[in-house]
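First the structure, in the form of structure tokens, and then the observations on it.
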Amino acid sequence: MITNLARGVQAFTSNAFLVEGDRTVLVDTGSNFDAVGKIRGRDAELDAIVLTHTHHDHVGNLQSVKDAFGVETWGFDADLPEVDNPIADDETVQLGDHSYTALHTPGHKNDHLCFYSPSASVLFAGDLIFQNGSFGRTDLEEGDRDQLIESIDRVRDRVDEHLAEMYVGHGPSVTTDPYRDVELAARAARMR
Ligand SMILES: [Zn+2]
């Protein structure tokens, strides 16, 4: 069961996905809304926080969630204050009931990770790829368009073309042929 806790929130926030199962994980915490209350409202016992990257809109609620549930965080770069435990490129990470492969995918931000589960046929794309072939902005610090294109290509090559679901950092997630959105993003990012 994957739930976007930020759904309907009118504030500057990323999406925040509660992945319930054997290991209940919050993928990004969002910011400027009561994530703790929303997790409690679902009667969920949180086991961990996993971050796609550490932009403020993805980690604003981090401390309150850590304090409320006594959990640690996982992310690519454990030198960052938000990250307690490192996830290496290509490492396996348990989210809910499934194993995901972490894909280091810089270009939007240096510590950016995507998470892909072949068995669940689910991709967490963070701020790399969005609905309708939109892609992460590269005009912020650590942004790099060529790197972003490489990262999108890498994800496209890794996921199955029958991918079932793509959960993204902003806007609606995609449950109808998300591979098409990945391909569109790979093409759109090359147009300047
Ligand atoms: Zn971002």
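Each ligand, and each atom within it, is numbered from 1 in the order the structure gives.
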N/O/S atom name from His55 that is nearest to the position of the Zn ion (ligand 1): ND1

The Zn ion (ligand 1) contact by His53, N, O or S atom under 2.8 Å: yes

Asp127 OD2 and His108 NE2 subtending at the Zn ion (ligand 1) (10° steps): 90°

cation_pi(Arg40, Phe69) dist<6.0 Å, angle<=45: yes

Atom pair CG/CZ of Asp181 and Phe130 - distance to nearest 0.5 Å: 12.0 Å

Candidate list His58, His55, His170, test ring pair (Phe, Tyr, Trp, His ring centres under 6.0 Å), partner His108, passing option: His55

side-chain hydrogen bond (donor to acceptor under 3.5 Å, both in side chains) partner of His53, chosen from Asn110, Asp127, Asp77: Asp127

